[in-house]
Amino acid sequence: MKPYMPLAWTEIRTRAINFSKGWAGAARERAEAQTFWNEFFEVFGIRRRTVATFEEPVKNLKGDTDFIDLFWKGRLIAEHKSLGKDLAQAHTQAIGYIQELINEGREEEAPRYILVSDFARIALHDLEPEDPARATVQFNLADFPRHVRHFAFIAGYETRQLDPEDPANIKAAELLANVHDRLEEVGYVGHDLQRFMVRILFCLFADDTGIFEPDTFRLFVERQTRPDGSDLGAQLARFFAILNTPEDARPTNLDEDLSHLPYVNGDLFAEGLAFPQFDTPMRTALTTCCSFHWERISPAIFGSLFQSIMQPRQRRQIGAHYTSERDILKLIRSLFLDDLRAEFESVRNDKRKLETFHRRLGGLRFLDPACGCGNFLVISYRELRRLEMDVLDARFGAKINEGDVRAECRITVSQFYGIEIEEWAVRIAEVALWLMDHQMNQELFKRFSQVRPSVPLTSSPHIRPGNALRIDWNDLLPAAECSYVLGNPPFVGAKFQTDKQKEDMDAVAQGVRGRGLLDYVTGWYFKAAEYIVGTGVRVAFVSTNSVTQGEQVGVLWSELFRRGVKIHFAHRTFAWTSEARRKAHVHVVIVGWGLGDCSDKRIYDYETDPQHATVSTVRNISPYLIEGENRAITNRSKPLCDSPAIGIGNKPIDGGNYLFTPQERDTFLAKEPEAKVFFRPWIGSQEFLNGGQRWCLWLGECGPSRLRQMPECLKRVEAVRDFRLKRDSEPTRKLAEFPTRFHVENMPGNTFLVIPKVSSERRRYIPIGFMDPRTLVSDLVFVLPDAGLYHFGVLSSEMHMAWVRQVCGRLESRYRYSNKLVYNNFPWPGEVTDKQKARVEQAAQGVLDARKQFPESTLADLYDPLAMPPDLVKAHAVLDRAVDACYRAQPFTSERQRVEFLFALYEKLTAPLTATRKKPRRRQAGE
């Protein structure tokens with residue numbers, strides 16, 4: 001017997017005509033209802049007994065038993081009435097049965113559809129309609145052939161709008177995790193467990209999406225395995241073996257139910273697996289999975305579901321485990337989809353050009369060299385298939401049903417290539433692509449009423465296990481045949497890389513100075529730049545925004561620009577969110593690039609609306625993802641402008657011997673009161689921002705005779721000397737010769753300005769402030785000895801913060817201020833008038849005065865975005881306007897405007913002086 005295959009729509013219509021002729025117009029008895037429904041299901045090529053039961057019992061609120069006329073778990077309830085009876089009453093009765101199912105704890109069995117009939121009329125009610133206006137359709141039985149499309153879900157052709165935020169995604173992950181955990185508990189682990197879970201997940205999807213005859217897998221597990229699970233392993237092995245066997249090679253005496261299974265090639269079921277000894281809880285976990293509505297889960301997150309169950313130590317809400325479709329679409333639309341759509345619109349009315357365009361679509365090749373579970377490839381395939389359907393419609397129009405549209409389909413999963421280090425992820429990426437192929441075949445049927453069979457698999461994606469930074473991508477897909485490289489390489493900061501990952505970086509960034517500063521994701525940039533040499537391949541990666549900030553910019557982009565890279569488009573920083581909980585996990589950018597220029601460079605900005613980008617076309621995109629030159633800012637030893645020198649605070653290298661809490665200081669002075677004059681307040685970034693008090697014993701200017709009179713101080717000096725002598729660093733051991741001095745000493749004689757090295761990214765402004773010269777500050781802050789109110793004002797402004805956010809590095813996500821990179825390169829306002837300077841100084845004093853209103857609050861309190869006092873907010877707004885006016889008369893309306901202005905000013909200040917003085921013009925006669 002042939003395996004199950006959804007009937008062609010023409011065949012279904014023919015059967016519908018015969019069915020309606022056979023039943024309409026004749027007097028029928030209620031007892032004939034079961035025959036009616038058996039023949040009704042045969043219209044769609046479905047044997048009713050394999051999916052639905054008659055007279056399903058259910059308890060009502062009184063404790064009595066009601067019976068549902070026809071019940072298809074999770075899919076359909078049918079109620080039949082005698083000729084001429086009220087169908088609305090039958091609908092109400094069916095709604096009551098659904099409530100009774102829920103009351104019994106059988107909510108997973110609650111159906112989406114209610115079907116009622118009296119032999120002469122049929123009414124179909126969709127309880128989860130995509131369009132509420134079409135939730136109900138009612139017609140005479142004679143008109144059934146005209147309305148048969150509404151029942152496509154019975155034949156397995158149902159398509160529905162899948163919501164990645166549907167709570168069903170989380171429920172599905174929990175059910176699969178339960179199966180996985182039960183297996184792992186009995187020692188079933190590793191490769192066999194991974195392969196087994198991939199097969200189970202495929203069967204669950206196949207059961208509910210029309211690849212299998214509906215509920216084939218569920219009924220097999222429920223009816224052909226023992227309740228104690230003792231034979232479940234053997235029966236599953238049998239089920240998998242049938243799927244791996246062509247129908248013409250199967251035993252002729254195979255059970256009828258199993259003979260309808262399709263042949264699934266592609267090696268999914270080819271490998272023999274060892275099976276665990278199943279028990280009752282394990283079988284229960286699997287049957288519970290089988291009762292879930294898997295058609296609600298999009299193949300786009302299929303791989304992420306699997307990832308969430310195979311990594312239980314990292315298991316969180318499902319949204320935390322996958323890139324959202326919304327973010328994937330940002331990349332693929334910018335990289336190729338929008339351009340292809342635009343090209344299609346330009347040629348759709350030219351049959352010759354349209355056919356050429358269609359052929360080109362079939363020749364495109366896509367490589368994701370860090371594909372994980374295949375999300376980027378799956379979404380790309382889906383969007384290309386949908387584009388192709390539009391092309392087919394444009395090419396053939398109304399004549400499309402006269403020919404075989406399937407023969408014209410040219411997009412296949414074999415156009416998609418991937419590299420992934422985890423073997424299980426490779427397998428799941430393949431399956432996810434196959435399932436998306438099936439979903440697209442369903443959409444093809446919905447649009448053109450023609451079936452493109454999903455199985456047997458006629459083409460396969462090319463996903464290879466391996467370390468993408470160590471293998472030659474040309475061995476998988478020659479660069480000359482590749483069209484696009486895309487993906488989301490792993491996010492691992494430089495300080496968090498394993499030894500193996502550091503070796504990978506050394507291999508791909510060999511000869512690049514400063515490569516130790518780079519995040520792991522940058523390895524894919526170097527590898528891709530090498531791969532696409534001599535081609536027109538375009539590349540786009542999602543990356544942490546650190547690749548466009550701080551010191552990494554100079555290291556990464558200077559090298560890529562040297563190799564000829566040009567940035568073609570960029571999505572500026574946006575929050576990569578969890579679909580399940582809408583929680584931001586990391587801030588990312590998307591950078592699209594290639595070797596060679598393009599005319600239409602685009603920047604997508606999310607500053608004003610995090611959900612909808614503002615798109616601008618620009619002349620060139622800088623590595624900071626703003627309009628500007630291909631130039632990275634690097635460390636500068638002295639300020640670019642005429643501004644105060646900056647230095648770090650004091651660095652004792654004392655083993656803590658010179659630093660005291662107030663209590664420790666009091667205890668020390670009780671023993672040696674003469675030392676009181678040598679104690680000075682000590683401020684690090686913690687004390688500066690969050691309050692608290694520490695003291696430093698500063699003996700660097702204490703004469704030897706006086707020092708010898710303070711034995712407790714001498715003990716401290718000796719301890720410091722011993723600490724330094726035991727260090728590995730030669731300069732530190734050398735410093736032991738001067739135990740009363742610090743390694744770095746920066747003690748201004750007048751009031752000085754302090755900038756903390758690290759500050760929360762949540763703050764709109766980095767809190768800075770003035771310090772009394774008696775206070776010693778640590779090397780965790782920067783010191784500006786000669787700064788005044790004007791400098792405080794500029795450095796406390798939105799202009800300076802715009803520069804900081806773009807140029808500074810990050811410690812985790814916090815700002816890491818830098819003297820050489822941020823401060824020394826900062827373009828200060830030029831040609832400031834006395835009046836403008838006075839306004840800045842006045843506004844700066846206003847900020848300090850606003851702070852003084854809250855003497856009990858720390859700077860961390862004052863600059864918390866949720867607690868910042870209104871008076872301080874207003875004072876900063878006045879200061880921002882005063883500083884802005886020093887740069888230009890026209891107000892700035894966005895951070896991007898500020899950044900682009902500052903970078904243009906930086907370019908101007910750093911440009912070489914090429915102009916020469918003009919020679920004086922000779923006077924002409926008569927002048």
Side-chain angles (χ1 to χ4, degrees), residues 370 468-470 489-531 533 539 541 543-567 570 573 586-589 591 593 595 621-626 628-640 646-648 729 731 757-758 779 782 803-826 903 906-907 910:
L469 298 186
R470 293 298 187 136
F491 302 161
V492 184
K495 294 184 178 180
F496 300 99
Q497 293 170 22
T498 65
D499 290 341
K500 179 65 176 174
Q501 289 169 335
K502 290 177 181 177
E503 291 173 4
D504 292 341
M505 289 299 296
D506 288 341
V508 296
Q510 189 173 14
V512 178
R513 294 184 60 183
R515 61 180 179 272
L517 297 169
L518 295 174
D519 289 353
Y520 195 48
V521 65
T522 61
W524 275 260
Y525 282 76
F526 290 124
K527 192 76 173 178
E530 176 185 348
Y531 174 68
V533 169
V539 183
F541 290 137
S543 312
T544 47
N545 60 3
S546 55
V547 303
T548 61
Q549 298 171 343
E551 293 177 299
Q552 289 197 60
V553 177
V555 179
L556 171 64
W557 290 102
S558 295
E559 175 63 20
L560 292 178
F561 291 149
R562 187 188 67 79
R563 299 186 187 188
V565 165
K566 295 281 188 179
I567 299 177
T573 297
V586 66
H587 286 83
V588 301
V589 295
V591 186
W593 50 277
L595 296 179
I621 302 176
S622 85
Y624 300 94
L625 308 190
I626 59 172
E629 302 304 317
N630 294 340
R631 182 177 178 185
I633 294 174
T634 56
N635 287 338
R636 181 181 294 273
S637 59
K638 295 181 180 180
L640 173 64
I646 187 173
I648 65 170
S729 168
K757 280 189 175 181
V758 178
D779 62 328
F782 289 108
W803 182 261
V804 168
R805 280 188 283 267
Q806 196 65 55
V807 177
C808 82
R810 301 292 174 117
L811 182 62
E812 296 167 340
S813 59
R814 293 171 292 166
Y815 301 131
R816 185 175 61 191
Y817 200 86
S818 165
N819 55 344
K820 295 181 179 180
L821 189 66
V822 179
Y823 180 84
N824 285 347
N825 283 298
F826 178 60
F903 272 82
Y906 173 84
E907 291 290 336
T910 56

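All of these numbers come straight from a predicted model, not from anything done at the bench.
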pair [X]-[Y]: side-chain heavy atoms closer than 4.5 Å:
X	Y	answer
N824	I646	yes
E551	K820	no
T522	R515	no
P639	F826	no
W557	V591	yes
F491	V588	yes
W803	I633	yes
L625	Q806	no

Distance check, rounded to the nearest 0.5 Å: [X] atom [atom1] versus [Y] atom [atom2]?
X	Y	atom1	atom2	answer
N825	Y906	CG	OH	4.5 Å
F903	T910	CZ	OG1	10.5 Å
R636	N819	CZ	CG	13.0 Å
L469	D506	CG	CG	11.5 Å
E559	R513	CD	CZ	12.0 Å

**Message:** So if I apply the side-chain contact (heavy atoms from CB on, under 4.5 Å) rule between Y525 and each of D519, V539, L556, which one comes out positive?
**Reply:** L556
**Message:** Students often mix this up, so state it plainly: with edges at 30° and 60°, are the rings of W524 and Y520 parallel, tilted or perpendicular?
**Reply:** perpendicular
Looking only at heavy atoms, which two atoms of [X] and [Y] are closest? And how far apart?
X	Y	result
V521	P489	CG2-CB, 3.6 Å
I567	P623	CD1-CA, 4.0 Å
T548	Y624	O-CD2, 3.5 Å
E629	S622	O-CB, 3.2 Å
F782	Y817	CE1-O, 3.4 Å
V508	F526	O-CB, 3.7 Å

**Item:** Q497 (side chain) donor-acceptor with L518 (main chain) under 3.5 angstrom
**Value:** yes
**For N545, side-chain hydrogen bond (donor to acceptor under 3.5 Å, both in side chains) partners two or more places apart** = T573
**Request:** Give a yes or no on this: more than 12 heavy atoms of other residues, nucleotides or ligands lie within 6.0 Å of atom CZ of R470.
**Result:** yes
